[in-house]
Amino acid sequence: MSKDCLFCKIIEGTIPSRKVLEDEHVFAFEDISPQAPTHILIVPRRHVATTNDLDPADDAIVGKMVRAAARIAAERGFADKGYRLVFNCNMAAGQAVYHIHLHLLGGRTFTWPPG
Ligand code: 5GP
Ligand code: ZN
């Protein structure tokens, strides 16, 4: 928990969110500004500022984040058609919230390169 972190506050419930799932290690909620018909953020409960700050001990949690995204994609019915998973890291990638989050975007076709 980092006291000035928006996503820590969402996880603890002091800032409201539209929760999608939670377990012991992972919390998922709807993005406030969706960029696709489905846009969900999957975050670890542990505060980690960027993907550069992950420890070896976080490997299992990152795996849980990715598998949670795949499970949500299946539940929403676009797992087979396809979806996009994104981690933005630091300024050049447009990271705005410094608590790592996996974007799950689905429900439309995506282009590449992403811009
Ligand atoms: P980033 O640019 O850091 O990869 O993504 C941050 C994401 O957090 C953005 O997609 C943005 O819309 C979302 N976001 C920012 N503030 C809030 C908030 O208060 N609630 C929710 N649910 N999403 C937020
Ligand atoms: Zn945090």
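Both ligands and their constituent atoms are indexed starting at 1 by order of listing.
Residue Ala96 approaches ligand 1 through these ligand atoms, each under 4.0 Å from one of its heavy atoms: 1 (P), 2 (O), 3 (O). Taking every non-hydrogen atom of Ser33 and a distance limit under 4.0 Å, the qualifying atoms of ligand 1 come out as 12 (O). Shown in contact with Phe7 at under 4.0 Å from a heavy atom are these atoms of ligand 1, numbered in order with element: 8 (O). Set against the non-hydrogen atoms of Phe29, the atoms of ligand 1 under 4.0 Å away are 21 (C), 22 (N).
Of the heavy atoms in Ile10, only side-chain atoms (C-beta onward) come closer than 4.0 Å to ligand 1. In Phe87, neither the side chain nor the backbone holds a heavy atom less than 4.0 Å from any atom of ligand 1. Heavy atoms of Leu6 found under 4.0 angstrom from ligand 1 belong exclusively to the side chain. Contact annotation: for Ile32 versus ligand 1, heavy atoms closer than 4.0 Å belong to both the backbone and the side chain. Contact annotation for His103 and ligand 1: only side-chain heavy atoms (C-beta onward) come within less than 4.0 Å of the ligand. At a heavy-atom distance under 4.0 Å, no atom of Gln35 approaches ligand 1.
For Asp58 (side chain) and Ile61 (main-chain N/O), no donor-acceptor pair under 3.5 Å exists by modelled atom type. Not a single donor-acceptor pair under 3.5 Å links the side chain of Glu22 to the backbone N or O of Arg45. Between the side chain of Gln95 and the backbone N or O of Val97, at least one donor-acceptor pair lies under 3.5 Å. With hydrogens and angles disregarded, a donor-acceptor distance shorter than 3.5 Å links the side chain of Thr14 to the backbone of Lys9.
Looking at His47 and the Zn ion (ligand 2) together, the shortest N, O or S contact belongs to ND1. Nearest N/O/S atom of His99 with respect to the Zn ion (ligand 2) is recorded as ND1.
Contact record, Pro37 with Gly107: CG-O, 3.3 Å, taken as the closest heavy-atom pair. Taking every heavy atom of both residues into account, Pro16 and Ile10 meet most closely at O-CG1, 4.4 Å. Minimum interatomic distance between Thr50 and Cys89 (heavy atoms only, all atoms of both residues): CB-SG, 4.0 Å.
Aromatic rings of His99 and His101 (six-membered ring for Trp) have centroids beyond the 6.0 Å cut-off, not under it.
Between Asn88 and ligand 1, an N or O atom pair is found at a separation short of 3.5 Å.
When each of Leu102, Ile100, Ile11 is paired with Val43, the side chain to side chain contact (heavy atoms under 4.5 Å, CB included) condition holds for Ile11 and for no other.
If you put the vertex on the Zn ion (ligand 2), SG of Cys8 and SG of Cys5 sit 120° apart, to the nearest 10°.
At least one heavy atom of Gly94 sits less than 4.0 Å from an atom of ligand 1.
Ring geometry for Phe7 against Phe29 counts as perpendicular: the plane angle is over 60°, on a 0 to 90° scale with 30° as the lower cut.
What sits closest to atom 1 (P) of ligand 1 on the protein, heavy atoms only, is His101 NE2, 3.0 Å. Among protein heavy atoms, atom 22 (N) of ligand 1 sits closest to Glu30 O, 2.9 Å. From the protein, the heavy atom lying nearest to atom 7 (C) of ligand 1 is Asp31 OD2, 3.5 Å.
Annotation: side chain of His103 is in contact with side chain of His39 (closest heavy-atom distance under 4.5 Å).
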